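Remember, predicted model here, so these are calculated numbers, not experimental data.
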Amino acid sequence: MFNLNVLINVEMQILLFFVIGMVLKKKGITDRHVDGFLSTLVLNLIMPMSIFVSFYKSISTEILKSSIMLVVAGIVVAVFVMILGRFIPKAMSEDKRRIAQYAILISNGSLIGLPLIYGLCGDTGVFYANIFMIPTRILSFTSGEKYFNPQYKGVSGLTVIKNFIFNPITLAMICGFALNACQIQIPGGINSVFESLSACMTPLALILVGSTLIDSAEDMKKSSLDILGISFFRLILSPLFTYFICILLKIDLSMTIVAVLINATPVASTATIFAQKYKGDTLFSSNCVFLSTVLSFITLWGVCITLAGI
């Protein structure tokens, strides 16, 4: 499905975009307010547009039907990880323990996984990735509230469904597939605008991650065993378990590769956002994001080499 030469080029691009983001922060060109604006822009416009284009351009009903089992795989993986989260050592403080439970459950598949998969697998790979991440995206709201909000009392199923359906990413998937299925052609000028916005996703998302990571790098004096353990689970055990689940469910190899790559990405940067929102241990959450992202340059390489040999 992909070759290692492409992987080298993609990883070099990711690294360079990270470095650009870090340099911009160091030079004072960006700050936390700019990071907040970029985050809102990427999550609410650029990423949904990229997903819309991938669904609109290359998805057929046959591909959709064949990928339904990816949702099942995503649910099984999520349930398993949540169960494992209950066994995180109680010696950790309650605040750190909750961050750890979120960190092993939610990956940075959207900001790091999608650019990587697009470079390796193209639009169809992005489609598969978004199908696999449906359960995770539903959980990203509820689990964030559950693990970070001390006053959390649960939310109704209707609220969860409402937040999922009216999320810009979900609307992008629905609209893109609907237009594709109905064979409705978007006027050329409008389509060019959509594709131009979509093309901004990789550079903006990765520059944003690089810019936010520099804050963690400056705060991090040493790596604790807790953070190393979280990174190990997120980068090694999670993709390994995902692979075995996909094999047991007899999912197509190309879809399996995409699912494994999504779950081989580092801790989601939203961990820090939730920690800030509910006045949790932002230093610990930022360090989890930072260290797992740095280590992912090595582990993603190993995961891709392994997948290439399957």
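- In this structure, Ile251 and Phe132 have side chains that are not in contact, with every pair of non-hydrogen atoms separated by 4.5 Å or more.
- Partners of Tyr118 according to the ring pair (Phe, Tyr, Trp, His ring centres under 6.0 Å) rule, which considers only residues two or more places apart in sequence or in another chain, do not exist here.
- The main-chain N or O of Gly176 is never found under 3.5 Å from a side-chain atom of Asn180 such that the two would form a donor-acceptor pair.
- Atom CZ of Phe297 is surrounded by more than 12 heavy atoms from other residues, nucleotides or ligands within 6.0 Å.
- Take Thr30 and apply the side-chain hydrogen bond (donor to acceptor under 3.5 Å, both in side chains) test, not counting sequence neighbours, and it matches Ser211.
- Ser231 is linked by a side-chain hydrogen bond (donor to acceptor under 3.5 Å, both in side chains) to nothing, counting only residues two or more places apart in sequence or in another chain.
- Residues Phe52 and Leu179 meet the side-chain proximity criterion, which asks for heavy atoms closer than 4.5 Å.
- With rounding to the nearest 0.5 Å, the separation of CG in Asn263 from OG1 in Thr136 is 6.5 Å.
- By the ring pair (Phe, Tyr, Trp, His ring centres under 6.0 Å) test, Phe232 is found to be paired with no residue, residues two or more places apart in sequence or in another chain being considered.
- Under the side chain to side chain contact (heavy atoms under 4.5 Å, CB included) test applied with Phe18, the options Thr293, Ile207, Leu208 reduce to a single match, Thr293.
- The main-chain N or O of Ile46 is never found under 3.5 Å from a side-chain atom of Ser50 such that the two would form a donor-acceptor pair.
- How far CE of Met69 is from CD1 of Ile131: 13.5 Å, rounded to the nearest 0.5 Å.
- Put simply, the side chain of Thr299 never gets that close to the backbone of Ala264: no donor and acceptor are under 3.5 Å apart.
- Of the possible polar contacts, one joining the Arg97 side chain to the Arg86 backbone as a donor-acceptor pair under 3.5 Å is found.
- For Asp252, the side-chain hydrogen bond (donor to acceptor under 3.5 Å, both in side chains) criterion is met by Ser254, not counting sequence neighbours.
- With sequence neighbours left out, the side-chain hydrogen bond (donor to acceptor under 3.5 Å, both in side chains) criterion links Ser238 to Arg234.
- For the pair Leu261/Leu120, a side-chain contact is recorded, criterion being any heavy-atom separation below 4.5 Å from C-beta on.
- Annotation: side chain of Phe80 is not in contact with side chain of Ile245 (no heavy-atom distance under 4.5 Å).
- The ring of Tyr56 has its center no closer than 6.0 angstrom to the ring center of Phe194.
- Using a distance-only test at 3.5 Å, with no hydrogens or angles considered, no donor-acceptor pair links the side chain of Thr256 to the main chain of Cys246.
- In this structure the side chain of Pro266 reaches within 4.5 angstrom of the side chain of Ile112, judged on heavy atoms.
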